[in-house]
2 protein chains.
Amino acid sequence: MTMPSASRRDRKKAATRQAIADAALELFLERGYDQVSIRDIADAADVSTATVFKHFSGKEALVFDQDEDREAQLIAAVRERPSGQSILDALRQHVLDTWPSIEAHPQAAEFTNLVNSTPVLRAYAERMWTRYTDSLSAAIADELGVDHDDLSCVALARFVLEIPVLARGRQDRRAAVDAIFGILTHGWEPPSRPPAQ
Amino acid sequence: MTMPSASRRDRKKAATRQAIADAALELFLERGYDQVSIRDIADAADVSTATVFKHFSGKEALVFDQDEDREAQLIAAVRERPSGQSILDALRQHVLDTWPSIEAHPQAAEFTNLVNSTPVLRAYAERMWTRYTDSLSAAIADELGVDHDDLSCVALARFVLEIPVLARGRQDRRAAVDAIFGILTHGWEPPSRPPAQ
DNA sequence: TAGAAAAGTGCAACGACTCTACTTAGTGAC
DNA sequence: GTCACTAAGTAGAGTCGTTGCACTTTTCTA
């Protein structure tokens, strides 16, 4: 999975990072996020606290270790879509193809629970996505040949990036994603009233 | 504006809170958010640091002092809309009537600049709104007689609450709000290409 | 193999925030 | 009035995240 890095130095660096991330996740799942200090993690990984911050930007980042290059994939989905496909369809397809599988790995339940039960982690997770608003909207605007901060592109990007948050916790995530894209495609309409019981 | 509180105790309490908020805002505008410590604020307001935290939940909350009962207004706009008016129209009208005026008071420019130039404040401001997602979507769902966590209601609530963030910094906020409601009403469509220059 | 570069260490420090025990002051009943 | 109750405020110590600094160790490179 992880490619054997070129130099020994890089390998050791990656190993250290991994040791920290592993120790952190284990302790978080065991005791809860707020009950684990950076010192605990550093001790468990047998490094100094300064080293922890050399590898991770902050305590929250220790939890979301593997979430990288999602941004690049997102942009690529827009830029390299099959000719003739609309941007909205390209985004829908990318979301359906990519995002649900993320939660399909082991420990997913515990992990999701950890995030959802820790306010600061929920907040961080939400911001992770919306942080890409600018680059996604720029890509969309580029494809359409309009200005980079075109409001309608920014709004679309933002709304699409809210989807993971909105679809989280739904029994049928696929249907949820479809429903939200339905709003973005055709506009919002009042949901049909369920039969009174 | 502020009603004369019942008891002397309550009046003094409110005065202390106000003194802290005033001192904080003045110092923030003067030096910048990160260059002012809680101790500075406490000293300026002539209280102890512990007192600051008795009145405000954290440093960011010192900046957004007056943002209360916005939630209540929002819910009311949905619940008490004129009969025959759609929920989307009610929300649009409420947003247009209420939100732009907020930035029309003195110091608005400096204040906006303070928030926009301080990442942690930007983040806090964004979360302030989306925090109301649950209550707004519950109100919408109630009006429609569907389940409280109906996905389409949650999504609409969330998207509407993103509007202040999206419209911030636009030259014509009114037009921006209208454009975004257009997306929510009729669906997203590629913006028209501006004439090549 | 010397010496640059990078990873890691230990420690001190700062600021946000909390806790505890204490003082002060307004409140309401007698 | 005064007495007991309660809430506001204080001082100070302590925790924790985070940063900076001077230093050692390891790895890369010429």
Flag, side chain of A/N116 to backbone of A/N113, donor-acceptor distance under 3.5 Å: no

Mutual orientation of the aromatic rings belonging to B/F28 and B/Y33 [parallel < 30°, tilted 30-60°, perpendicular > 60°]: tilted

Residue A/E60, side-chain heavy atoms: nucleotide from C/dG26, D/dG9, D/dT18 that is nearest: D/dT18

Distance-only donor-acceptor test (3.5 Å): side chain A/R8, base D/dT26: no

Rounded interatomic separation in angstrom, taking CG from B/D43 and C1' from D/dT10: 13 Å

Protein-nucleotide distance (B/R17, atom CZ; D/dA7, atom P), rounded to Å: 18 Å

Distance in angstrom units between B/I41 CD1 and C/dG15 C1', rounded: 12 Å

Protein-nucleotide distance (B/R39, atom CZ; C/dC17, atom C1'), rounded to Å: 13 Å

Sugar-phosphate, base or nothing in reach of A/V52, heavy atoms under 4.0 Å: nothing

A/H94 backbone acceptor or donor facing A/D97 side chain under 3.5 Å: no

Sugar-phosphate, base or nothing in reach of B/V36, heavy atoms under 4.0 Å: sugar-phosphate

A/T51 vs C/dT9: side-chain N/O to OP1/OP2 distance below 4.0 Å: yes

Whole-Å gap separating P (D/dG9) and CD1 (B/I20): 7 Å

Distance test, side-chain N/O of A/K59 to OP1/OP2 of D/dG17, below 4.0 Å: yes

Spacing of B/D40 atom CG relative to C/dA16 atom P, expressed in whole Å: 8 Å

Nearest to side-chain heavy atoms of B/A50, which nucleotide of D/dG12, D/dT19, C/dA7: D/dG12

Proximity to the side chain of A/R9 - top-ranked nucleotide from D/dG9, C/dA6, D/dT10: C/dA6

A/K13 side-chain N/O to C/dA7 phosphate OP1/OP2 under 4.0 Å: yes

B/T49 side chain near C/dA16 phosphate (N/O to OP1/OP2, under 4.0 Å): no

Minimum heavy-atom distance between B/Q85 and B/Q93, given as atom pair plus value: NE2-OE1, 3.2 Å

Between P of C/dC17 and CZ of B/F56, the distance in whole Å: 13 Å

Rounded interatomic separation in angstrom, taking CG from A/D34 and P from C/dC17: 14 Å

Phosphate-side-chain proximity, B/H55 and D/dG9, N/O vs OP1/OP2 below 4.0 Å: yes

Side chain to side chain, A/L74 and A/T98, heavy atoms closer than 4.5 Å: no

Closest listed nucleotide, where the reference is the side chain of B/I38 and the choices are C/dA16, D/dT19, D/dT10: C/dA16

Test: B/R158 cationic atom under 6.0 Å from B/Y132 six-membered ring centre, within 45° of axis: no

Phosphate OP1/OP2 of C/dG26 contacted by B/K12 side-chain N/O (<4.0 Å): yes

C/dG15 phosphate, OP1 or OP2, under 4.0 Å from B/S37 side-chain N/O: no

Nearest-nucleotide comparison on DNA chain C, the residue closer to the 5′ end among A/V47 and B/Y33: A/V47

